[in-house]
Amino acid sequence: MATLELYSKGASVWIPDPDAVWVSAQLLQDYSHGEKHLLLQLSDGKINYPVSSPTGLPPLGNPDILEGENDLTALSFLHEPAVLHNLRVRFLGYSSIYTYCGIVLVAINPYEQLPIYGEEVIDAYSGQDMADMEPHIFSVAEEAYRTMTREEKNQSIIISGESGSGKTVSAKFTMRYFAVVGGATQQTSVEERVLASNPIMESIGNAKTTRNDNSSRFGKYIEIGFGRKGDIIGANMRTYLLEKSRVVFQASAERNYHIFYQLCASRELPEMRSLRLGESQSQAYTSVCSQNITITAPSHDVWSIISTLHVPDQQMELFRILSAVLHLGNVNIQASGRNSDRSYIDPGDRSLAVFSKLLGVEGPQMAHWLCHRRLAVGGEMLVKPMSGQQAVEARDALAKHIYGQLFTWTVQRLNSALRTQRGQAKSFIGVLDIYGFETFDRNSFEQFCINYANEKLQQQFNRHVFHLEQEEYIREELAWSRIEFSDNQQCISLIEGHLGLFDLLDEECRMPKGSDESWVRKLYDQHLNSEPHPHFQKPRMSNSSFIVLHFADMVQYECNGFLDKNRDTVFEELINVLKASQVDLCYISKLISFLCDWEITNLCLCGSFRQSLQLLMDTLNSTTPHYVRCIKPNDLKQPFMFDPRRTVQQLRACGVLETIRISAAGYPSRWTYEEFFSRYRVLLQGPQSEEQAQASIRKALPQLIPDPDQYCFGKTKVFFRAGQVALLEKLRAERLHVAAVIIQSRVRGWMARIRYTRILWAAVTIQRYWRGALARRLALTLRHTKAAIVIQKTYRMVVVRQLFLMIRQATITIQAFTRGTLARRRYRQLVAECAAVLLQARVRGWLARQAYRRVHAAVVFMQCCWRRRAARRELLKLKTEARSVEKYRELNKGMEVKVMQLQLRADQEVECAALRETLRAEREAASVEMESLRATIQKLESQKQKQPQPLPVISEVEERRRAEEKAAQEILQLRQELQALQREQDSLYKEREDLSAQCVHEAVSQASAALRAELDEERRKYQGLLREFTRLEQRYDNLREMSLLTEVQPPIFAYVLFYVVSNYFSVLTSPLSPDTSSCPSPTKPATVTGLLECRKRDEAKLIKNLITDIRVDSALSLPPGLPASVLFLCVRQADCSGDQTRARSLCSAAVTAMKAALKVTSGFEPAWSTIWLWSNIKRAVHVMSGRLSLTENDLIRALSDLCIQAYQQLLSITEKRLQNIIVPALLESETIPGLSAVKLGTSRKRAGSDPRNVGCDVLTMASVLRELGALHTALSRQALPPTLMEQAFHQLTYLISATALNSLLLRKDICCWSRGMQIRYNVSLLEEWLRSRGLQAGGAVGTLEPLIQAVQLLQAAKKTDADAGALVQTCTTLSSQQIVKILTLYTPHSDLDERVTLNFIRTVQGLLKGRSEGQPPQLLMDVRRVFPVTFPYLPPAVLHAEQLVIPDSLKISFLHRA
C-alpha cells in the first residue's frame, strides 16, 4: 500500500494559513492520482485545495492517540505542522512547557512562576532515567550528570534561544540542580558560590530590551567541576561578546545595564553618598528609558552575594568605578571654532570633577585629552584638536573600555572565588547560555557576530545529531545509506573563509582611511561580481547594507558602525591619564591598573571573537552535548499565550525542525520487537507467541508494506520511514474493523435468533393466557346466573319474613301496653296502703328517741359537774409544780427557735453538715428533756392517785398535752421541709458539678489540643535545628578535611555505637536495687553494693572498649542495654563515693565518644550499628534522669540530642537504602503478570546513551518489604518501645508514599488504568505488612492515602460531570494541581480506553477551585519532610551488678564490683 492511499475520506491534513500558519482540515472524499483538487472540510466551511502533483499534497495529520506526545520524534508524521500542533496542545492544553525532540529539549517560556522547580522535584528526577520521566530541564541535567559519572566524560548543556525565551532561567535551574545533587554528600561553600555568581553576572551583564526585561547581553559558558564522588569542587566561567555599546547608547524603550540603576536607587545609603549619584533620569547614560521599574538596591542583593564570594573589601571600589562611568557620561563637551572643528570642556564641570576624584586622575589632563588627540607625522608627534562629535565619541569609547575591562575583571574575580583547593576536577559539565539567532529592523555588528556564533553552533548541532543517527544504525547493524542533511558550511565560509566578510572587515580596519562604505563596496565586488556567493545578496534600495542567507532566515545588515565597533578604539592618551591615578587605596589602584592593562594589537574585535568562539567549539566537540532550545511563545509576555507565527519562526531558527528533517530522512519511527508484537499482533499470521515475535514480524511485514525501503530490521528494533506507522495504524484499524463486522454479524444473528425465540414463546404464552381468560369468563357468567337465582330466592324469603315479624311485633306491643296499664293501677293501690303504715312507725320512733335524749343529757351533766369539782381540787395541789410546766413550754419554744435556725442554716451550702450535726444535738437534748418531763408527769400521776386533785388541773394538763402534740407536728413539718431543701440542694450540687465538669473537660481538651499542637511544632522546630546543627558540623568537618587535603577512612568498629548511646540514655534513669537505690550525700561517702568501680586510669580504656572500638558482631550479640548499664553503674559508683569530678568526667567522656561514634557511622550504608547505638542512648537518658546527684540539665539535654540525632541518622540510612528501590518496586514491578500493556510509541531515550541493563535483577515489593522487615527485626531485637517503632515506620511510609506519588506525577507511562491496578496491589501488600506488625496505630497506613487516591483516580471513570464530582469527593488528600496533573498525564493502555478530554479537566478544575484557594501552589510532595519524634518514658528494671552477664569479649575485666 502506497502512502498516497492514506489520503482517504476522513483523513486529517494540514493546510497553510496566514494567521495560524497551519490549520487542520478533513478530507471529504478519497484522493486519486491525477486529481487537481482536494475537497476539504474546515471549521468555517468547505474548500477546494489545489494539488499540482502528488508532492504538493498537504501534510497528513497524526493519529489522535499521538496527540500531546512528549517526544516529537515519536510522531508518525514528522513535519512542521505536526510539531507546531503538538507543542500547542502540550503548552495550552496540558500546561506542559517542556517537550523532547530527540536529543533536544524544547522549553517554552510560560511567563509565569510554576511550582515545578522545588527541591522535591529535584529529588524526584535525581537518579531517574531520562526515558522514564516527563520532559524537564532537570531531566537533561540528570542525564548529563549520570553520563559524566558513568562514562567519566565531560558534558555540555547548550541553552540557546531568542532574548526573553528563558535561557538565563533555564541555566540557573540547571546549575541549581547540579548544586543540590553534587552537594548532597559533601555540603561545602562551592555550591553556594556557583549559585551566587548568577545575580552578579545578571546585574552587570543583563539589561532591559524591547523583548525581555532581563536580557543577557553577553554569552557565558560555565564549567562546573566535579570530584571523584560526583561532588562539586569548583567552577570556571567564560564570557563572549559583551554588548559594550549599550553603556553609552540604548534604543527606544530599552535600558542600560541593571547595575547602574541599582546604584542610583541606593544613592541615599550612607556608604553610597560619597559617589554623588543622582536619579537615573539625571544620568546621560541611563535617561533614555523612563519606564517605572522597581530596582533593588545593591545593599540588599549584590552586596550580600559579593560577601558570599569572599570579595567584600572590593565592592565599594567596584561601585566607585561604575559611578565614575555614569559621571563620565554627564561630562558636557561643547563645540567651538569657526566650523565647529574644535571642542572644549568647561573647567568647572561638576561631572568631570567627580569623575576625576573617584578615579584619582588629573581633571585638566582628562579634559584636555578628551578634546585632543596625538598624531605621529613624519616622526614627529602633533596634537590635533577634535570636533565636538569626535570628542563625544572618544568619551563614549573610554566609558565602554572602562566598563568592558571592569566586566572582564569581575569575571576573573568570580573565577578565582569559584576555584577550590581540593585539587584538579576529574570531570566537568559545561552550561552554555548564549544568545540565539537575532533579526531586527536594523541589524548591526553585534547581530552579525551573534548570528555567526549561531551558525557555528547549528553546524555542530547538525553534525552531532547526524552522528547519533548513524551510531544508532550501526548499533542495530542496519544496511543504511548516508543521510543527506542541509549543511551550513557555505554560510560559515562566507563569513570566516578566505576573503570572507571577517577578512575584508579586518583588512578595511587596518587601512588608514578605511570606512564602512568602502568595505561594503569590497563585499559587493568580491561576493557579487567576481565570485557570486549563493548566501550573499545586495538589497535593491540600499548601497550601504548587505544580506546574508543564514540557516534560519535572511538578514539584512546595515554597515554603518561596523568598522568602529570592530576596532573598539580608545585613545592611548586617555589610558595614560588613567595610569597616572593617584588613588591610595590598594584595591582600587590594582583595579585601575587592570583597566589600563591595554595595548593596541593587530587583532580586532571580530578576530578575538573568532578565537574565543573556536575555543568554545573545540570544548563542545570534546564533550557530550545536551541541547535545550528555549522558545518565546508571544511578544506580549502574557502567560500561556501561544503565537504560532513567532513559534514557527523560532523553531526554524533554533534547529528543532532541522532535527526533525534529519530524523525524517532516516528511520524516525523505531519499535522494539516486543512493542511491535504487542501493538500489531492482529496483523500477523500464523502461531503467535512472544518468544517468536521477531520471526513473525520479519515474515509478516513484507506483506504489509511491499516497499522494502520503507522499513528495516535491526537487532532489537524494527525501523520505519516517516508515515509508515500511520499506515500500519490504518491497516490495524481496517483489520479490527473487519473483525468487528464479523463479530457484529455473528452477534446480530445470535440476537435475532434469541429475539425470535422470545417472540414465539411470547405468542404461545399470550394464547394460553387468552384461552384461560375466556374459560374464566364463562365460568364467571355461570357463577353470576346461579348467584342471581339464589339472591332472588333469598330476597323473597326476607320480604315475607319481615311482614310476618312486623305483624307479630304489633300484636306483642298491644298486649304489653294493656298488661302494663293493669299493673300500674294495682301498684298505686299498694303504695297508698304502705305509706300510712310507715308514717305511724316513724312518729312512734321519734317520740321514743326524744325521751331517751333528755335522760342521757341529764346524766352527762351530772357527771361533768362532779368531775369539774374533782379537777379544781387537784389544781390547787399542783400549783407548786406549775412552774415545771412553764419551763417545759419554754423549752418547746426554744426548740422552735432552733428549728427555725436550722431552716435558715439549711439555705447555706457550705454549713449544711454543721446544721445537721446541730439538729441532731438539739434532738438529743429535746429527747432528754422529754424523758425528764415524762418522768415528772408519771410522778404527778402517782401523786394524783394518792391524793384527790381539783378539776381545773385536768384542763391544764390537757392543754399542755395539746401544746406538745402541736409542737411535735411543727417539728415534723420543719423536718420534712428541711429534708426537701436538702434534696433540692443535693440536686443543685449535682447539676453544678456536672455542668462544671463538662465545661472544664471541654476547656481542658481544647487547651490540651492547642498545647499538644504547639508542643509538636516546637519539637519539630527543635529537631530540625538539631538536624541542621548536625549538617553544619558535618560541613565543618568536610571543610577541615578539604583544607588538610586528606581523606580518613572511618574504622569499622565505630559502626556499632548507636546502641551504646541509646541504652546509656535509658539506663541512667532506671531505679537501682535496694542496696544501690539510696546513695549517701557527697560529703559523707558510704559503702554501697551492687555497683561497678572504674579507676581513673581505666576510664579511657572503658570508653574505648564499650563505645569506640567495639566490633559490629560483638555489639549485636550483647544483651540489650548492657554497655549503657555498665557505664551507669560505674558513674553511679563514682557519684555515691563522693567523687563527683570523676563521675562528671566519665559522663562527659561517654557523651563525647557517642558523638564521635555517630559522626563516624554516618557514612555507612547498613543501619545495624545505628540501631544498636540509638537503643543505648535512649536507655541512658531514661536511667540518668533524677538518679544521680550530679545529674545536670546540660547532660540530659546532650543525651536527648544524641538520641534524636541517632534516630534521624537511622532514618537517613534507611531512606538511602529505600530511595533507589521505591519506584521500581512500587510503580514498575508487575506483581500481577500480563496486566500492564506496552506503551504506544517509540522510546524517547537519546541515541547517544547506553540502553538500560536488561539482565539486572527486577526489584519488586518483596525488596521493599525485605528492607522494612530487616529494620523491624533489628528494632524489635533491641527491645525498643512500640511507639518509637510506629513513629519510625510512619516516617518511612511517608517517604515511600511521597516518592512514589512524585514519580507518578512526572511519568506519563505510569498514568494508565492497568498500571494503577498494579500499584494498588503493591500498596495493599505494604498495608497488609504494616497491619501484620501492628504498626497501623502510629499513622503509617494513613500516609499511604495520597498514593491510594491517586491510583483510584487512574481507575475511576472520567467522562461525565457526575464522574468529575465523584473524583473530587474521593480525592480529598490530593491537591488540585496533583489531580489535574494526573488527568493530564493519563494515557490509554489500549483501544478500549480513551484520553481524558480537556472539557472534563476544565470541569474538575472548576469543582476544585474552592479547594485550591487555601492550598499552596505545590505539585509534588515534600519528600524531605521530617515528623517530630517523641520518646516515651518507660522506666527500666532495677539494676544490680550481680544481674549483669558481661562477656569476656568486651575486655572490661578491670572493673571491680563494689
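Just so we're clear, the structure is a prediction, and the values are computed from it rather than from any experiment. Start at 1 with the first residue, then count along the sequence.
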### Task
Take atom OH of Y111 as the centre, draw a 6.0 Å sphere, and report whether it contains more than 12 heavy atoms from other residues, nucleotides or ligands.
yes
#### Entry: Short N-O contact, E152 and K426, less than 4.0 angstrom
yes
### Message
Between T1343 and S1297, is there a side-chain donor-acceptor contact under 3.5 Å, judged purely by atom types and distance?
### Response
no
#### Entry: Any side-chain donor near an acceptor of the partner, Y627 and S160, under 3.5 Å
no
### Query
Going from OG on S1324 to CE on M1261, what distance comes out if it is rounded to the nearest 0.5 angstrom?
8.5 Å
### Query
Counting distance only, does the side-chain N/O of S1303 pair as donor-acceptor with the main-chain N or O of T1299 below 3.5 Å?
no
### Message
Between V181 and Y145, is the side-chain contact (heavy atoms from CB on, under 4.5 Å) condition met? List the steps.
### Response
CA-CA 9 Å; V181 177; Y145 184 77; 3.6 Å; yes
### Task
Could you tell me the separation between the CD atom of Q1352 and the SG atom of C1371, rounded to the nearest 0.5 Å?
7.0 Å
### Message
Parallel, tilted or perpendicular, judged at 30° and 60°: which one describes the rings of F676 and F720?
### Response
parallel
### Message
Strictly distance-based, threshold 3.5 Å: is any side-chain N or O of E151 a donor or acceptor partner for the main-chain N or O of T149?
### Response
no
### Message
I'd like to know if the side chain of H626 pairs up with that of E143 as donor and acceptor (distance under 3.5 Å, no hydrogens or angles considered).
### Response
no
### Task
Applying side-chain hydrogen bond (donor to acceptor under 3.5 Å, both in side chains), run through Y100 and T73 and close with a yes or a no.
CA-CA 8 Å; Y100 290 123; T73 58; over 6 Å; no
### Query
Could you walk me through whether F1427 and Y1294 pass the ring pair (Phe, Tyr, Trp, His ring centres under 6.0 Å) check?
CA-CA 9 Å; F1427 296 98; Y1294 172 80; 5.2 Å; yes
### Query
Taking everything shown except E112 itself, do over 12 heavy atoms lie less than 6.0 Å from its CD?
yes
### Task
Step by step, work out the side-chain hydrogen bond (donor to acceptor under 3.5 Å, both in side chains) result for T672 and T716.
CA-CA 6 Å; T672 63; T716 61; over 6 Å; no
### Task
Only one of T619, I157, L457 passes side-chain contact (heavy atoms from CB on, under 4.5 Å) with L432; say which it is.
L457
### Query
Is it true that E119 and R176 have a side-chain N and a carboxylate O under 4.0 angstrom from each other?
no
### Message
Using salt bridge (Lys or Arg N to Asp or Glu O under 4.0 Å), reason through E120 and R1425 one step at a time and then give a plain yes or no.
### Response
CA-CA 10 Å; E120 65 278 359; R1425 179 185 177 185; over 6 Å; no
### Task
Could you walk me through whether R1307 and D1309 pass salt bridge (Lys or Arg N to Asp or Glu O under 4.0 Å), step by step?
CA-CA 6 Å; R1307 295 183 58 174; D1309 56 336; 3.3 Å; yes
### Task
Give a yes or no on whether the backbone of Q128 and the side-chain of R146 come within a donor-acceptor separation of less than 3.5 Å.
yes
### Query
CG of L1347 to CG of L1226: how many Å apart, nearest 0.5 Å?
5.5 Å
### Query
Is there a donor-acceptor pair closer than 3.5 Å between any side-chain N or O of H136 and the backbone N or O of I116?
yes
### Task
Could you grab the distance from atom CG of L1354 to atom SG of C1311, nearest 0.5 Å is fine?
5.5 Å
### Task
Start with the C-alpha distance between W671 and F677, add both sets of side-chain angles, then the distance that settles ring pair (Phe, Tyr, Trp, His ring centres under 6.0 Å), and finish with yes or no.
CA-CA 9 Å; W671 294 68; F677 179 79; over 10 Å; no
### Query
Tell me, do L620 and P625 make a side-chain contact under 4.5 Å, heavy atoms counted?
no
### Query
Side chains of S1229 and T1260: is there a donor and an acceptor less than 3.5 Å apart?
no
### Message
Any carboxylate oxygen within less than 4.0 angstrom of a Lys/Arg side-chain nitrogen, looking at K715 and E476?
### Response
no
### Task
Kindly say whether G127 contributes a backbone atom to a donor-acceptor pair with the side chain of E142 at under 3.5 angstrom?
yes
### Task
Could you tell me the separation between the CG atom of L1326 and the CG atom of L1292, rounded to the nearest 0.5 Å?
10.5 Å
### Task
Test E134 against N70 for side-chain hydrogen bond (donor to acceptor under 3.5 Å, both in side chains), laying out the working first.
CA-CA 7 Å; E134 273 291 290; N70 57 11; 3.2 Å; yes
### Query
Under the 3.5 angstrom rule, does the side chain of R90 hit a backbone N or O of Y98 as a donor-acceptor pair?
yes
### Task
Find the distance between CD (Q1377) and CG (L1408) and round it off to the nearest 0.5 Å.
9.0 Å
### Message
Taking M1421's backbone N and O only, do any of them form a donor-acceptor pair with N1302's side chain (distance below 3.5 Å, no angle check)?
### Response
yes
### Query
Is a side-chain donor or acceptor of D71 paired with a backbone partner of G102 at a separation under 3.5 angstrom?
yes
### Basic-acidic side-chain contact under 4.0 Å: R1424, D1422
no
### Query
Sub-3.5 Å donor-acceptor pair from the side chain of R88 to the main-chain atoms of V83, do we have one?
no
### Message
Quick one: does any side-chain atom of S1263 pair with a main-chain N or O of L1259 as donor and acceptor, under 3.5 Å?
### Response
no
### Query
Can a cation-pi geometry be assigned to K717 and Y673, taking NZ or CZ under 6.0 Å from the six-membered ring centre and within 45° of the ring axis?
no
### Residues E1345 and T1373: side-chain donor-acceptor under 3.5 angstrom
no
